[in-house]
Number of protein chains: 2
Amino acid sequence: MKKIINAVDQVENQMIEGMVKAFPQYVKKLDCGNVVVRAQKKTGKVALISGGGSGHEPAHGGFVGKGMLDAAVAGVVFTSPTPDQIYEGIKAVDDGKGVLMVVKNYTGDVLNFEMAAEMAADMDGIDVKEVVVNDDVAVQDSLYTTGRRGVAGTVFVHKIAGALAERGASLDEVQAVAQKVIDNVRTMGMAIKPCTVPAAGEPGFELADDEMEIGIGIHGEPGVEKKPLETADEIVDTLLEKILADIDYAGSEVAVMINGCGSTPLMELFIVNNHVADVLAEKGIKVYKTMVGEYMTSLEMEGFSITLLRLDDQMKELLDDEADTPALTVAK
Amino acid sequence: MKKIINAVDQVENQMIEGMVKAFPQYVKKLDCGNVVVRAQKKTGKVALISGGGSGHEPAHGGFVGKGMLDAAVAGVVFTSPTPDQIYEGIKAVDDGKGVLMVVKNYTGDVLNFEMAAEMAADMDGIDVKEVVVNDDVAVQDSLYTTGRRGVAGTVFVHKIAGALAERGASLDEVQAVAQKVIDNVRTMGMAIKPCTVPAAGEPGFELADDEMEIGIGIHGEPGVEKKPLETADEIVDTLLEKILADIDYAGSEVAVMINGCGSTPLMELFIVNNHVADVLAEKGIKVYKTMVGEYMTSLEMEGFSITLLRLDDQMKELLDDEADTPALTVAK
């Protein structure tokens with residue numbers, strides 16, 4: 001295992017500390033552990049909280065800030081945060097208007113977030129609601145999930161529901177728009193190189209020099225098919241075919257996210273987008289906005305995912321609202 | 001060689017096309033080749049042009065836009081663009097107020113940019129000036145350079161000189177502030193994994209499983225020392241020692257850039273910044289702004305560089321001016 005770290009049991013702490021030291025104008029860390037909240041609490045609004053295991057940077061701490069999240073809770077690498085951590089996050093951000101939890105569909109995450117919500121309701125009378133993101137069309141059930149997994153599409157939920165919360169909408173309204181994003185967002189990914197969880201010391205799966213894995217998840221869990229490496233265009237065709245079979249995007253406007261898994265050069269992500277844009281144009285699907293970069297990574301996994309979000313006027317407006325967070329505004 | 005591409009001789013074209021298709025509101029490509037300019041030409045100002053070989057994405061096309069560059073010229077991977085390409089870029093962006101070329105110090109780049117400037121002056125009467133960035137303290141001369149190499153610090157030149165140009169300053173003023181940045185910026189990098197130029201098919205250097213290369217350049221050229229892999233904190237100490245020995249930053253305010261080389265997970269860059277921030281605080285060097293991410297990459301090289309820029313009031317103000325480019329504003 002070759003990593004630029006200090007100690008296996010320090011990666012989460014030092015990552016969070018390093019993020020907070022880089023962006024003190026945006027975020028601070030709670031004393032109770034790896035919970036990141038806005039540097040200045042925004043009052044008078046519904047609060048959004050998300051999180052999950054570490055190793056998906058910039059998710060989720062990088063999305064804490066104006067127009068997106070109020071708190072992000074980070075567990076150890078690829079492991080759900082504890083209910084206590086999440087509970088502390090909920091208490092820190094609630095301002096009497098309620099809290100929406102944006103949870104990726106993994107059994108551990110769902111259980112722990114829901115337990116935290118019960119604690120906050122029972123002990124503090126906080127109104128907590130939840131949405132569960134399940135955008136990955138690759139597999140119906142997986143090693144860690146019942147139903148589809150929640151992956152990069154989660155970032156669109158943060159962005160759009162976060163914008164509506166920032167405008168002062170009610171908890172029910174924010175939950176409804178988050179659910180609308182979930183209903184209209186689909187993702188599929190692939191990898192040419194696995195990642196190594198620091199505490200494990202070994203890659204999560206093996207790939208030969210000429211092999212790729214299609215339908216990969218974001219925790220180094222295997223995909224649906226190992227096959228010989230193809231060209232970028234062929235891979236795009238495979239992923240898009242699966243996504244487009246799941247939702248009928250014909251005639252609609254979409255937001256596109258080409259998400260790098262952690263060690264994919266931007267050059268290759270642009271080459272991927274070149275063909276994605278061509279295929280969507282051919283099929284009469286209009287691209288409203290494209291994001292290319294690293295949003296939901298898996299440590300140093302090499303590969304990418306394609307996310308399509310079918311938009312309506314409300315989602316377009318909210319997607320365009322200003323967001324100002326460490327990961328979405330690098331140097332302003 | 002395991003890459004997500006279509007064909008070795010198509011990587012530059014398809015990368016540029018994919019970038020332009022992702023960000024049509026920001027950039028367009030000239031018909032003459034891989035030259036990217038702003039989608040809407042900004043008139044009445046000095047124009048900034050930069051570029052170099054491809055493989056450094058998001059540099060330089062990702063920095064074309066409001067408050068930064070007017071054009072970026074992309075050669076084939078790690079190879080200078082031709083004088084003709086650069087000349088076309090100069091002609092496309094000049095609006096009668098002159099053009100500043102921001103050139104990284106590599107022999108081929110300097111020669112070709114200067115030849116293009118002569119063509120533009122002789123044939124079109126365009127006033128072209130130049131600055132040469134040489135921020136890398138690792139080596140005095142290298143395989144491709146006389147004098148120090150130009151690396152990630154170039155992005156600060158784009159940002160600060162670009163902001164002054166956007167405000168409407170004269171060519172002399174923009175050149176002067178660009179030179180001031182160059183005089184005050186220093187960088188040093190390292191790698192734990194080399195990169196492979198597509199046309200070469202083999203990595204630029206070899207590293208054993210427990211080895212790293214200190215003082216690496218951005219073209220896969222060897223660094224100054226191969227040694228056993230150390231902890232993140234030890235590596236930071238080594239790089240900062242060399243940087244701080246070159247300029248006396250004591251008592252000053254600095255901008256910090258922790259730049260990933262292409263396949264370094266953000267988690268590790270934050271762990272690096274955690275110690276950089278601590279060391280600078282100990283030494284009484286005040287951090288004004290920190291950037292953590294990928295700005296000047298080397299294909300899929302794994303490693304990072306640290307850049308420190310000593311700031312004065314003018315540079316601080318210009319650093320804070322709004323920039324709106326594909327790489328600096330991902331989702332607004």
Side-chain angles (χ1 to χ4, degrees), chain A residues 2-7 11 14-19 21-23 54-55 57-58 62 159 192-193 209-210 229 231-233 235 258 262-275 277-278 289-294 297 299-300 302-304 319-320 322-323 327-332, chain B residues 2-7 11 14-19 21-23 54-55 57-58 62 159 192-193 209-210 229 231-233 235 258 262-275 277-278 289-294 297 299-300 302-304 319-320 322-323 327-332:
Chain A
K2 204 171 185 180
K3 289 179 188 284
I4 301 168
I5 61 175
N6 290 300
V11 294
Q14 293 183 348
M15 177 269 287
I16 294 281
E17 293 281 355
M19 181 191 295
K21 287 173 192 169
F23 304 110
S54 293
E57 293 68 35
K159 177 68 189 72
I192 62 172
K193 200 192 74 184
D209 279 352
D210 61 347
L229 183 60
T231 67
D233 288 359
I235 298 167
I258 311 297
S263 72
T264 316
L266 199 46
M267 169 181 268
E268 298 178 20
L269 298 181
F270 283 132
I271 290 172
V272 164
N273 185 59
N274 184 46
H275 192 56
D278 288 350
K289 182 168 282 193
T290 304
M291 296 164 73
V292 181
E294 298 190 328
T297 63
L299 297 167
E300 77 285 6
E302 192 168 347
F304 68 96
L319 193 59
D320 287 343
E322 191 194 354
L328 287 194
T329 307
V330 187
K332 282 192 40 177
Chain B
K2 203 170 187 181
K3 290 179 188 286
I4 301 167
I5 61 176
N6 290 300
V11 293
Q14 294 183 346
M15 177 268 289
I16 295 281
E17 294 282 355
M19 183 190 296
K21 287 173 191 168
F23 304 110
S54 293
E57 293 69 35
K159 176 69 189 72
I192 62 173
K193 199 192 76 186
D209 279 351
D210 61 345
L229 183 60
T231 66
D233 288 0
I235 298 166
I258 311 297
S263 72
T264 315
L266 199 47
M267 170 180 266
E268 298 179 20
L269 298 180
F270 282 132
I271 290 172
V272 164
N273 185 59
N274 184 46
H275 192 56
D278 288 348
K289 184 169 280 193
T290 303
M291 295 163 73
V292 181
E294 297 192 329
T297 63
L299 297 168
E300 77 286 6
E302 191 169 347
F304 68 96
L319 193 58
D320 287 344
E322 190 192 355
L328 287 194
T329 306
V330 188
K332 281 194 39 175

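Chain letters run A, B, ... following the sequence lines, proteins first and then strands; every chain starts at 1.
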Would you give the length of the straight line joining atom [atom1] of [X] to atom [atom2] of [Y], rounded to the nearest 0.5 angstrom?
X      : Y      : atom1 : atom2 : answer
B:K2   : A:E302 : NZ    : CD    : 8.5 Å
A:L266 : B:E300 : CG    : CD    : 13.0 Å
A:E268 : B:N6   : CD    : CG    : 10.5 Å
B:L269 : A:E57  : CG    : CD    : 10.5 Å
A:M267 : B:K3   : CE    : NZ    : 8.0 Å
A:N273 : B:M19  : CG    : CE    : 10.5 Å

In terms of heavy-atom pairs under 4.5 Å, which option from B:A232, B:S54, B:A7 contacts chain A the most?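 So the answer, after comparing B:A232, B:S54, B:A7, is B:A232.
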Below 4.5 Å from any heavy atom of chain B, which atoms of [X] appear? Answer side chain, backbone, both or neither.
X      : result
A:L229 : side chain
A:T297 : neither
A:D209 : backbone

Going through the distances and angles, do A:I4 and B:I271 end up as a side-chain contact (heavy atoms from CB on, under 4.5 Å)? CA-CA 8 Å; A:I4 301 168; B:I271 290 172; over 6 Å; no
Minimal heavy-atom distance between B:T290 and A:A22, with the atoms involved, is CB-O, 3.5 Å
* Check whether any side-chain heavy atom of A:D278 sits under 4.5 Å from a side-chain heavy atom of B:K21, and report yes or no. => yes
